Structures are given as structure tokens and as C-alpha cells.
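Everything on this sheet refers to the single structure shown next.
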Amino acid sequence: MSVRLDGDIIRLEGRCGVEEAERFLVLLQQTPERRVDLADAETLHTALVQIIMALSPQLIGECGDAFVREWIVPHLAKAGIGNGTGGQVFDSTE
Amino acid sequence: MDGLRDQFLAEGRELVESAAADLLALSTDPGRIDSAFRAVHTLKGSAGLFDLKPLGALLHAAEDLLGALRAGTLAADTALVGLLLQAIDQTAAWIDAFDSTERLPEDAPRVAQQLGAALRRPLPDSVAAPAPAAAPSTAPDQPWILALLARLEPDNTDPVLHAIRYVPRQDCFFSGDDPIGLFRVIPALRHVAIAERAPWGPAESYDPFACNLVLDGLSAAPLDQIRAVLRGVPDQVQIVAVERRTAGRESVPEAVSSRTLRVDAERIDALAGLADEIIVANNALAHLAAQARRGVSGETLVKGILASQAGLDQLAGQLHRAVMRIRLIPLAALFRSFPRLVREIGAQLDKELELLLQGETIEVDKALVDGLFEPILHLIRNAADHGIESAVSRRAAGKPACAAITLSARRMLDAVVIEITDDGQGIDPDSVRRTAVQRGVLSEDAAAALSAEQAIELVFAAGFSTAASVTDLSGRGVGLDAVRSAVTRLGGRVALTSRPGQGTSVRLTLPASVVLTGIVIIGCGGDLYGVPIDAVIETLRLPPDRVVPIRSGRAFAWRDQAVPIFDLATLLGQAAAPPEGDLKLLLFRQGETVSAVAVDGFSDRQSLLLRPMDGLLSAMKGLAGTALLGTGQVLIVLDLAELAT
């Protein structure tokens, strides 16, 4: 299973495909305070990235998907997301 | 279609100007060939959107020649640059024709054919044949591309980049597409920007199966490799080749400032921020109004109103400044047409002229840029025509054959000083005196009484010309007096200094922006009028026994001079008030002399935005403009010096 709820943390692991999108969304909609751990994610499908962009949950762990880490996460961090407790503070490239 | 047409007209004119400026600068900065090429290329592309085939053909020929110059197969000499300038001038004329008549003149195909042939003649045969269509567009002037380029690593040296914009269909997930998955395998990505297409709605109603992204990227990979990656979604992808100067990125910001952003986005943001704050301030006022309705005690209300007023006052000031800043544009917009005009003037007069520009980055109110072209052109023509000697005389005087005319601008507090200086023969005060007497401008005695400086100023008198012959260029009845009145209309002053044998300098001092004017409000015959505070020397009360009747008028002694007293009511064509008690006088400068005007009373001083008279009223004598009082009443502002003449 590549979307896993672990306490109040949603962990995205391995290759996360479009079929995980609905479950991921529901977990975040139920409890928006849940944090999202991307450390073990290998590749994230656009549908999942888009949920992170739209709902801007707090991110923890350095994103395992290099493309997303390099080009997308910094812009989320710029919007004030992902710098909470319990995880890595994402540097903005700015 | 109208929006497209307007954009073509506006952008076309800008491109014409920038291409001309680039061509003129080629001799000193050969690197500007790139920018000239780009401008002509973009112009050609834009012309293709309309039914303007001759224009397209002409620009195509110009582009080919520029391409050969850029590649180094031809050297840019004066003749070739002249040809290119001719093509640019023709383009400007055709854009104007298209603007006013929606089509090109009848003779356009013939002109395009002739000029195009002339442009192609210097080309080697291989280039002269119409070039095959280049792969993708090379014009990197779309905002999204410029935004991408701006984010490149500063040390990026890729000679060619491809800008890629991929807007996936909303239902693309259903057809198995993973847009980010596709994008991430594009080779040699230099920058990626992924953003939402439409704002994200509320989280509760988020649709996980609708794609709402725009993916932009820059890649250094060849076009076919990029196309191979995106072959499955060609209808959703746009690829634009961006050629870059090997020297680095300097060409990019240039394009940003001169073309895409007509107003600095930051200034619009500042304005939007202020608009928000005004809404907030208005809410506070609404709250006070509600309190007043509920019958809250007077003291609380007064405090609230005072605080609210102070806040609004500050905001109004900020808003005014922000708007003024939007109206500010660099003087370069005004200056850049002059180098070419000086070339033409030099050719007409057979004089070797060089125009030096300084301070063109200074920003001034748009009204100044619009209003100063004619006066400056006139002064430059005058300098070239009357100031600069013939090559023979210059050599005899030990000066370089090439004369220098300097057009410079600098900022002084709230003013902008624009100076036109030549290194010509200067103005001979005696010759000015003689001519002035001959032309009946003033009597021989009066002329002799003038100091050298004052005599030189006579060149601004109406219909004055010191040149022995009226030339084609300056003269023809429009003298320097036209310059003076144009500059005065803009709220400025003209001063002239000259040293015989060394040259002449004309200095225009202008307000940098349309600033608030201090205005004295006076009463007369029951009405209120304004007088600009700058025009007022002082106000005073005068006991009737100090008034001395002189012929039909009155005067009084003030600091050892006799000051004539005018009656404002009489000047305004009203019945003169019967004199009783002390006279209330307002002293003002009228040229070199001081005059006084008697008024009913002084009311107030305020800072107001002085608007010039327009329409029928603009022809009325003695009116400086109007200003709106806080009460909503329109105040007529008088030009006393003009009224009393």
C-alpha cells in the first residue's frame, strides 16, 4: 500500500499512482491537520502532487521524488507550508 | 480582433523605435545587431497576423540583411545601416497608415518590391533566396517565457533553449496521462515551473480527477528530443525556441523592461495594496457612521473621526504618489528619437554632427515626455543650424570637424533639468541687439541698456531669428518664443547661456511630475479665485494715503520701486468695488517688474492639483487653470501676470 495512515501522519511510499489519489484526498479532507511524509516516496503521480498543491498539508521528511523535491516542494515551502514541527524544514531555492 | 490590432499598433511602434535605436548605435555597439534583428523578426511575425503582405515582404528582406550582418557575412557600413533605417521608417509610416485607414497605401507593393530588392542586393546569392521557414518561433517575448528565463541560473550559458508550455487537458488522468511524469523525463531541463491553471477551490469540493495544472519548462535539449517525449500530447504543448546571446543574459532583461511590461508590475501591486487599505479605512468609517446612528457620545465620535481622517489622509497621499509613479516613464522614450533626427539634420545642412545623450534613465511624468519633443527638436535644430559653424570655420577656430550637441537630463529636487548644449560659435550679444532693433523688437536705447545676458535672452522674443538666411530647418516664423511658451505651459522655465566661440546652452527646468500646487485663495466680488503661490511675492494691507495716483492708474512705493496697482474686479471685467479702508494687495512678478492687484480679501492657502484649462476656456487670457476645492467647488486659478498685461 503506498498511501498509509500512521497515527496522524499520512505516509506516501514507493510508486504512488493515480489510483491512490482518492484515498489520499479523503484522509486529508477528514482531518486537515494530518501531516504528509514524502520521505519514502519514489515517484508521485500528478494527481497526488496536485492534491498536495491544492490542500497544502504540512509536509515532513525530505521528498524521495527528486523531481518533485527540486521543482515543486520549494514553492510549497514558499507559501508557508512544510516548515512545521517533527520534520525537515524545506529550504526555498529563492 | 480589435485588441489584437491595438496591440500590434502599440507594440509595432515600440519595435520600430527600438530597431531604429539599435541600428543607430551599431557603430559604437555592434552587439546591438541581435536586438535589431529580434525587433524586426518580431515585427515581421506580427505583420503576418494582418493582411499586410507588402510590410511582411519588406521586413523579411530587412531581416535577411540583418541576419547576414549578424552572421558576419556582411559588414555593417553606413550605406547598409541607411538602407535598414529606410526600411524601418517605411514600416513606421505603414503602421500609421494602417492605424488610420485600416490598409496600406496603394503604392505599398511597389515600394516594398523596390526597397526589398535594394535590401537584398548586398546579400550573397545563397542568402538572397527566401530562407526556408525556421523551425519554431524564435521570439521569446511572451510573458511566460520571460518569467522562465528570469529564473534561470545566472551562470547558464546554453546558446539555445526551448521553452515548453504544457497545459494538460482537464480529463487527462482518465486517458492515462501523468503530466508531471512526462515532464520529468524531458532531457536537459534547466528550469521548471508548475502552477495551477485556475485557483484551487475549497478543500471539501476538490476533484482529484481533474487536472488543473500548467507546466512550464526550459530545456537545453534539441527540439526533436523534446518533441519525442511529448509526442502523445502535441495538441496540449507549445514549444518556442529561445536564442540567447553567448555573452550571457543581458538581452533578456532588456526585452522585459522595454516591451512586455509597460508599467512596472511592482507599481501596480503597490496600487492594489493601497486599494485594499482604502477599503479597510472605509470600513472603519462605516463603523463610525453606525455608532453615530446609535447615538454614541459626541466625544467618542470625534476621536474616532479624527483617527479615521488621519488614516485616510495618509492613504490619499500614498495613493496620489503611487499613481504619479505609474505616470512616470524614463526620458529614454523621449530621447531615443533624436539621434536619428540629428543624423538627418546633419545630412541636410551638410554638417558633421554628433548627439550625446545623458541621463535618459531619469523618470518624468508622461505629460513631459509628450510635451517636450517639439521644443527639444526645435532647440536641437536651432543649435545645428545657427550654433554650429561650417566645417571650414570650425577648422579655422581649431575645433574638431564633428560638432557635438549634448542632450542631457538631471534631477534637481522636484525638478528635472534638461539641457541642450552645443560647441558652436555661441551667440553674439551685439548681433542680437542689432537684429532686435532692426526687427522693431525694442528701441536702440533699450537695446543698448541691456546687459549681455539680457540681450541674449532676446532670441526668445516673438519672431526673432539671428541667422542671415531663413533656412528650411528652423526659422519659418516659428521662433524660440514657441519653445518658451511650450515649456511654460508644462510649468517649466527656459534659460539660455552662451559664450562666444565656445557654444550655447539652453536649460529647461521642469517639474518632474504634476505636483500639487500651493494656491492662495482670494475673494473678489463675492467669488473665490486662486493664484499659484509661486507667483505671489507677498500680500499686504496698504493704508489709502500711501496710494499715489499716476495718470489714470494708481501706484505705491514698495522697496524703492513704484508698483502699479491693478484692481482685480476691473481685470475680471466686474464692477470695481468702491475703495474703503486699507487696500488688500497681492504683489506678483510680471516679467522683471513687480505689480500689485487689489482684492476683497485673502481666504486660505491650500495645496491643490492644478488642472490646465481645456476646451473653449483654454483660449481665455489670464487663466492658469482650475482646481477642485475640498468642498467640491471649482476654483478658477488666475495667471495674474497675463491678466494684467
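This one's a predicted model, so the numbers in the text were calculated from it and none came from an experiment. Order of the sequence lines sets the chain letters (A, B, ...), proteins ahead of strands, with each chain counted from 1.
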Check your understanding: Does atom CD of B/Gln170 have more than 12 heavy-atom neighbours from other groups under 6.0 Å away?
Key -> no
Review point. Should we say atom CD of A/Glu22 is surrounded by more than 12 heavy atoms from elsewhere, each under 6.0 Å from it?
Key: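 Count not over threshold, so no.
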Review point. Short question: side chain of A/Gln29, backbone of B/Ala203 - any donor-acceptor pair under 3.5 Å?
Key: yes
Review point. Does B/His191 use its side chain to pair, donor to acceptor, with the backbone of B/Leu149 at less than 3.5 Å?
Key: no
Review point. Looking at A/Pro32, A/Ala21, A/Ala54, which one has more heavy-atom pairs under 4.5 Å with chain B than the rest?
Key: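 Going by pairs under 4.5 Å, I would pick A/Ala54.
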Need one label for [X]: side chain, backbone, both or neither, based on atoms under 4.5 Å from any heavy atom in chain A.
| X | answer |
| --- | --- |
| B/Ala195 | backbone |
| B/Phe173 | side chain |
| B/Asp177 | backbone |

Practice item. Name the region of A/Leu25, side chain, backbone, both or neither, that has any atom closer than 4.5 Å to a heavy atom of chain B. Key: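 Just the side chain, heavy atoms under 4.5 Å.
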Check your understanding: So what's closer than 4.5 Å to chain B heavy atoms on A/Gln50: side chain, backbone, both or neither?
Key -> both
Point to revise | Side-chain donor-acceptor pair present, A/Thr43, A/Asp65, cut-off under 3.5 Å | key: no
**Study point:** For chain A, the option from B/Gly217, B/Cys211, B/Gly181 that forms the most heavy-atom pairs under 4.5 Å
**Key:** B/Cys211
Check your understanding: Hey, which of B/Leu189, B/Leu182, B/Leu213 has the most heavy atom pairs under 4.5 Å with chain A?
Key ->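 Maximum pair count with chain A is reached by B/Leu213.
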**Study point:** Passing candidate, side chain to side chain contact (heavy atoms under 4.5 Å, CB included) with B/Tyr166, options B/Val233, B/Ile239, B/Asp216, B/Ile194
**Key:**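 When side chain to side chain contact (heavy atoms under 4.5 Å, CB included) is applied between B/Tyr166 and each of B/Val233, B/Ile239, B/Asp216, B/Ile194, only B/Val233 qualifies.
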